[in-house]
Asks: 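Could you have a look at this structure, given as structure tokens, before my questions?
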Amino acid sequence: MTLFTVDLASRAFLGMAQELKDTLRLPKTEFPMRAGLAQREPGRVAHWDKIGLYGRIQKKNAGRPAFVLHDGPPFTNGDVHIGTALNKVLKDTVNRYKSMRGFRTPYVPGWDCHGLPIEQKVSREIQEKKLTLTTAELRAKCDAFAEFWIGKQTGQFKRLGVIGDWDRPYKTKDPAFEADILRTFAAFIEKDLVYRSKKPVYWSIPFETALAEAEIEYKDHVSPSIWVRFRVAESEGEKIRKIFGCEMPAGKPCSVLIWTTTPWTLPANLAIAVHPEVEYVLVDLGSECVIVAEPLLGAVLSALEAQRRKQAPTAPASTDDAQSAAAHGPQTATVIAKVKGAGLEHLNTRHPFIDRASPIVLADYVTTDTGTGCVHTAPGHGSEDYQTGLKYKLEIYCPVGDDGRYVDDGRIPPDLVDLTTLETVEDLAAKKTSPANIAVLRKLASNHSVFAQQKLTHSYPHCWRSKTPIIFRAVDQWFVSLDKHGHRAIALREIEKISAHQGWVPAWGEARIRGAVESRPDWCISRQRSWGVPIPAFYDDKKKAYMDADVARAIADKFARHGSNLWYDATAAQLLEGVKLPASWPSPSTLTTGRDTLDVWIDSGSTHAAVLRHNQGGTHWPADLYLEGSDQHRGWFQSSLWTGVIAFDQAPYKGVLTHGFIVDKNRQKISKSSTYQKPQTSDSYVSQHGADVIRLWIASQDFRDDMPVDDEILKHVGEAYRLFRNTFRYQLSNLFDFDPREAVPVAQMDTLDRWALHQTAVLIRECTAAYDAYEFHRVYQLCNQFCSVTLSATYHDILKDRLYTLGTNSPLRRSSQTALHHIFNAVVRILAPVLAFTTDEAWAYFTAQAEYSDDSIHLQSWPVPATDWTNAEIEADVATLLRVRAMVNETIEPQRAAGKLGKSLDAAITISGAADSAEFRVLEKHRDFLPELFIVSHVTLGSATGVALHVHVRPCSELSFKRCPRCWRWVPAMESSSHGDVCPRCAEALKA
RNA sequence: GGGCUCAUAGCUCAGUUGGUUAGAGCACGCGCUUGAUAAGCGCGGGGUCGAUGGUUCAAGUCCAUCUGGGCCCA
């Protein structure tokens with residue numbers, strides 16, 4: 001039974017080996033190798049709540065200077081998006097770092113609660129249930145909707161490890177907050193910046209209400225498409241000659257041709273816009289002359305030709321009629337002259353059926369794709385028209401009432417008054433155009449102003465509820481003047497002041513916000529919505545508006561006590577009860593309240609006033625930092641700047657940090673990506689990868705640029721996470737029998753340990769600089785390199801021999817443990833702001849040998865390297881030795897490939913080199929340390945002159961060496977011990 | 001169309017005032033180890049630095065143009 005015998009022998013051998021192995025100080029820890037983040041992180045969130053971590057962090061730094069990162073409020077209408085998660089985690093990382101640096105870091109999270117998206121969602125729901133609610137009831141439902149999502153989002157943010165004053169956040173819908181919004185607005189009124197003016201909005205005629213972009217559906221629509229003559233008055237003859245530099249054909253009428261698909265807007269025409277750079281031609285068509293853009297002349301002539309054919313069979317010629325002449329078409333179209341649009345500016349034409357001029361103006365948005373290049377401009381009926389109207393100081397004229405009918409303003413022709421611009425659903429079905437359109441067309445035809453007429457099917461905005469085409473219509477709005485008292489100049493100066501202290505991160509943020517501030521027109525702050533802060537305006541029976549700063553403040557006080565629904569529940573008289581009114585106001589009983597609410601950018605722009613000005617949660621004003629996506633240069637950064645400058649003469653922040661947006665692996669925005677159809681919620685990522693991996697991913701990339709995310713990237717971050725986790729685990733497990741009281745003074749430490757401390761000191765310095773510059777990706781790279789190269793592949797690998805095999809209290813072993821203790825302390829702290837969960841877990845095992853402890857890594861201070869850690873001489877020596885180590889490895893590798901060697905410990909090395917070379921001298925200096933450093937059993941140094949360093953490798957088995965069964969090193973001779981023959985070093989260790 | 005901005009190995013990042021064959025980690029390939037073991041170690045392959053043109057003795061680095069992304073406007 002030979003097999004049996006062999007088995008017995010091997011069992012005996014294994015038994016002996018096991019016995020020897022038990023004499024080693026092998027690593028020991030409960031800190032799990034497998035993180036199980038998705039499952040175990042929620043436990044730590046609960047633990048932090050239990051020990052009141054946020055409060056304890058604030059207490060720890062009580063009395064210290066504060067670093068206030070003011071939270072930009074996310075909108076409360078759904079789950080936390082991964083982009084919002086990115087933003088919150090960056091803020092949390094900053095706060096945790098600053099806190100460890102000794103700053104008090106009050107962080108009051110907030111929510112932006114008002115606004116259209118919520119109102120719309122709630123409205124749709126109400127519509128589906130066919131309910132009829134009062135405004136106050138609708139607002140109560142919006143409030144409940146917002147509150148629901150605040151609850152959900154709070155949980156999702158906490159799940160990400162974001163720490164803050166979650167029990168006392170700010171909400172823009174809170175009565176006290178709404179009051180502060182009004183008080184901020186009162187400052188605008190007080191400085192006389194608020195004025196009333198018309199501005200075009202999308203208007204639903206059936207509902208008599210303004211619509212937002214989101215409430216509009218684009219659908220195909222058949223519209224009249226007409227070319228209309230605007231006659232150039234005879235009196236302009238001299239000007240025409242000047243412009244075109246030629247004589248006008250005698251006796252021929254001259255017109256500028258416009259093109260439109262909304263004839264009903266023609267009564268509001270106040271100008272014709274041309275492009276300054278486009279060439280315009282004066283064309284002789286035989287019986288008349290017209291002016292059109294040169295690139296569109298062909299299209300205009302085609303339209304004319306089509307018109308001629310259409311009319312030829314039915315309309316007999318009558319030569320004295322211009323309309324008829326056009327119908328028959330010219331035999332020739334002769335270009336008389338040509339001029340750039342800019343030359344036509346201020347040329348006057350006559351409105352086709354109202355007695356007034358319509359001057360030529362210039363506009364860059366004029367295209368030569370369709371039409372005539374001469375754009376009918378009605379500042380009260382179009383956004384671009386409105387802009388042009390402002391530029392040329394034209395009236396923002398809108399002769400159409402709330403009900404969509406022409407009003408009798410004394411300027412509208414009597415036969416048009418009261419006609420509606422509405423096309424009902426029935427009209428649409430019958431392909432019938434509006435009465436207003438029909439009447440205008442008839443008027444144009446009657447005085448021969450129609451040059452050509454067709455029908456056009458195109459995409460046109462419709463009201464989402466009534467399904468009828470919307471109209472663009474100027475209505476009264478409230479505006480804030482930004483130039484009246486030089487606030488724009490002050491804002492720009494504040495931007496520069498921040499820049500002087502490197503407050504814009506990245507620096508180009510300054511250019512970005514400057515551009516936004518410089519180009520911003522006066523702020524239209526009224527919205528025809530319900531879910532918002534009511535504008536404290538009152539109206540008399542003649543619709544005259546009354547607004548006053550003190551009254552607004554008095555209303556604010558009432559809102560603070562009763563909530564803003566008071567505005568909808570109470571009459572004007574009730575609201576104004578006990579309020580001292582300005583002398584010019586009529587009796588409150590004759591007043592009614594306005595229906596407009598404030599632009600939500602006033603809400604969020606007032607957060608610094610509502611939170612920081614009251615030192616809520618221990619904050620202060622101005623904030624040290626605002627941190628949001630780069631879209632906020634035009635949004636929150638700007639609205640906050642304006643409110644700060646207008647209400648408090650100063651920017652509400654000292655620094656502004658911006659980050660990019662999350663994109664897919666091809667750096668395309670995620671919504672465009674076909675691979676990302678799944679919901680991009682924070683929870684969907686956290687539940688799959690764990691918050692710490694998501695946090696590490698956020699830290700790993702330069703967030704100033706766009707941040708790509710996909711499975712491959714997250715997988716790599718997961719690998720890096722494991723590297724950090726295993727680094728902690730190695731250190732914790734090898735410190736199982738180390739008491740910090742046994743720490744070895746640095747001066748008495750081993751060379752390699754001192755080298756490791758030197759590297760750690762460098763790491764701390766570089767990571768500190770990186771954190772200070774908000775370059776978290778540098779921290780990631782530095783730690784990654786440190787853990788993988790400096791520690792895992794070098795220091796930790798070399799240390800195993802001494803940690804496992806030397807006597808427990810051997811000075812060398814204790815030296816290394818002391819170093820590991822210091823290094824762990826440094827690395828765990830450096831990574832704490834990023835790996836909030838894992839570092840806290842490691843810290844609990846480090847300090848309490850348990851998964852949780854009452855202490856927390858987040859209560860610790862930032863690591864500071866002791867001055868004696870830095871040692872340039874040791875660093876230089878070991879750097880040299882490590883270069884030789886690389887040569888040794890290169891030399892070993894072929895032998896390994898050839899099967900002559902397995903582990904490096906089986907190798908004996910001979911190094912030869914010039915005795916007088918610096919390299920060789922370092923080798924000699926550290927001669928005894930070399931085998932350990934190279935992780936080989938034996939090193940021989942041989943000097944020669946003028947020879948480059950050369951490494952020679954032989955398997956120890958070829959020498960007459962024996963392998964110590966305990967430490968696996970090959971030695972020339974063994975000694976006997978209590979556990980049989982071992983090497984002299986092990987024999988010594990076994991005695992201890 | 002305008003403003004701001006980005007572009008270096010498969011991925012994430014370094015590349016100093018322009019100056020030797022462009023670096024690191026991860027990933028990948030091939031081995032080793034089995035006393036960090038759902039770990040660890042070694043070696044290796046891999047980049048026309050988005051494209052084109054220019055300045056210069058010399059350009060990833062400076063200039064111009066273009067291409068492709070992103071954010072914000074129109």
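Because only heavy atoms are used, hydrogens play no part in the values below, and waters and symmetry mates are left out as well, while side chains stay in. Throughout, protein chains are lettered first and strands after them, A, B, ... in sequence-line order, and every chain is numbered starting at 1. These numbers come from a predicted model, not from an experiment.
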Asks: Check whether any side-chain nitrogen or oxygen of A:S904 sits under 4.0 Å from OP1 or OP2 of B:U33, and answer yes or no.
Replies: no
Asks: Name the closest nucleotide to the A:H716 side chain, picking from B:G35, B:A27, B:A39.
Replies: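 When the side chain of A:H716 is considered, B:A27 is the closest of B:G35, B:A27, B:A39.
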Asks: Please report, rounded to the nearest Å, how far the C1' atom of B:G2 is from the CD atom of A:E384.
Replies: 14 Å
Asks: Does A:P965 reach a base, just sugar-phosphate, or nothing at all? Heavy atoms under 4.0 Å.
Replies: base
Asks: With a 4.0 Å limit, can you tell me whether A:Y804 has a side-chain N or O closer than that to the phosphate oxygens OP1/OP2 of B:A36?
Replies: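 Affirmative; the distance criterion is met.
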Asks: Which part of the nucleic acid, if any, lies within contact of A:S700, taking any heavy atom under 4.0 Å across all strands shown: a base, the sugar-phosphate backbone alone, or nothing?
Replies: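 The residue A:S700 makes sugar-phosphate contact but no base contact.
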Asks: B:G3 phosphate, OP1 or OP2: any side-chain N/O from A:H633 under 4.0 angstrom?
Replies: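 A:H633 to B:G3 OP1/OP2: no side-chain N or O under 4.0 Å.
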Asks: Tell me which nucleotide among B:A36, B:A38, B:C72 gets nearest to the side chain of A:R722.
Replies: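 That would be B:A38.
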Asks: Base, sugar-phosphate, or nothing: which does A:R966 touch, judged by heavy atoms less than 4.0 Å apart?
Replies: base
Asks: Can you find a side-chain donor-acceptor pair between A:D112 and A:S604 that sits under 3.5 Å?
Replies: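 No, no side-chain donor-acceptor contact under 3.5 Å.
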Asks: Remember a base hit wins even if backbone is also touched, and classify A:R512 as base, sugar-phosphate or nothing at under 4.0 Å, heavy atoms.
Replies: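 Here A:R512 touches the bases of the nucleic acid.
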Asks: Can you tell me if A:T388 and A:Y365 form a side-chain donor-acceptor pair at under 3.5 Å?
Replies: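 Yes, because at least one side-chain N or O of A:T388 sits under 3.5 Å from a partner of the opposite role on A:Y365.
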Asks: Between B:A24, B:G70, B:C13, which nucleotide gets closest to the side-chain atoms of A:H777?
Replies: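 Of the candidates, B:C13 comes closest.
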Asks: Reckon A:S383 touches a base, only the sugar-phosphate, or nothing at all at heavy-atom distances under 4.0 Å?
Replies: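 Here A:S383 touches no strand at all.
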Asks: Under 4.0 Å, counting only non-hydrogen atoms across every strand here, what does A:G515 touch: a base, just sugar-phosphate, or nothing?
Replies: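 Answer is nothing: A:G515 stays at 4.0 Å or more from every strand.
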Asks: Does A:R985 reach the side chain of A:R969, with side-chain heavy atoms less than 4.5 Å apart?
Replies: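 The answer is yes; the side chains approach within 4.5 Å.
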Asks: Report which part of the nucleic acid A:K903 touches: base, sugar-phosphate, or nothing (heavy-atom distance under 4.0 Å, all strands).
Replies: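 Sugar-phosphate, no base atom in range.
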Asks: How about A:T29 and A:R729: does a side-chain donor come under 3.5 Å of a side-chain acceptor?
Replies: no
Asks: Touch check for A:A793, heavy atoms < 4.0 angstrom, all strands: base, sugar-phosphate only, or nothing?
Replies: sugar-phosphate
Asks: Classify the side-chain pair A:T790/A:Q759 by whether it contains a donor and acceptor separated by less than 3.5 Å.
Replies: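 Absent: no donor and acceptor within the cut-off.
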Asks: If I take atom CE in residue A:M33 and atom P in nucleotide B:A36, what distance separates them, rounded to the nearest angstrom?
Replies: 10 Å
Asks: Establish, for the pair A:K962 and A:W970, whether the NZ or CZ atom is under 6.0 angstrom from the six-membered ring centre and no further than 45 degrees off its axis.
Replies: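 No.
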Asks: In whole angstrom, what separates A:L901's CG from B:C43's P?
Replies: 14 Å
Asks: Report the nucleotide, chosen from B:G40, B:C4, B:C26, that has the shortest atom-to-atom distance to any side-chain atom of A:N726.
Replies: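 Looking only at side-chain atoms, A:N726 lies closest to B:G40.
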Asks: Determine the contact category for A:D702: base if any of its heavy atoms lies under 4.0 Å from a base atom, sugar-phosphate if only primed atoms, P, OP1 or OP2 are that close, otherwise nothing.
Replies: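 The residue A:D702 makes sugar-phosphate contact but no base contact.
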Asks: Of the candidate nucleotides B:U34, B:G70, B:C6, which contains the atom at the shortest distance from the side chain of A:K669?
Replies: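 Closest of the options to the side chain of A:K669: B:G70.
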Asks: Roughly how many Å apart are B:A22 and B:G60, using the P atom of each and rounding to a whole number?
Replies: 9 Å
Asks: The side chain of A:W968 lies closest to which of these nucleotides: B:G35, B:C6, B:C73?
Replies: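 Nucleotide nearest to A:W968's side chain: B:G35.
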Asks: Heavy atoms from C-beta onward define the side chain here; which of B:C73, B:A38, B:A27 lies closest to that of A:R34?
Replies: B:A38
Asks: Quantified in whole Å, what is the P atom distance between nucleotide B:U5 and nucleotide B:A64?
Replies: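 It comes out at 13 Å once rounded to the nearest Å.
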Asks: Of the nucleotides B:C71, B:G35, B:C4, which one has an atom closest to the side chain of A:D631?
Replies: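 Among B:C71, B:G35, B:C4, the one nearest the side chain of A:D631 is B:C71.
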Asks: In whole angstrom, give the distance that lies between atom CE of A:M707 and atom P of B:C11.
Replies: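 About 16 Å, once rounded to whole Å.
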Asks: Given A:R813, which partner from the list A:T805, A:D737, A:N734 fulfils the side chain to side chain donor-acceptor pair (under 3.5 Å) test?
Replies: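 Among A:T805, A:D737, A:N734, the one that satisfies the side chain to side chain donor-acceptor pair (under 3.5 Å) with A:R813 is A:D737.
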Asks: To the side chain of A:N889, which of B:C11, B:G42, B:A36 is closest?
Replies: B:G42
Asks: The side chain of A:R896 lies closest to which of these nucleotides: B:C72, B:G31, B:G69?
Replies: B:G31
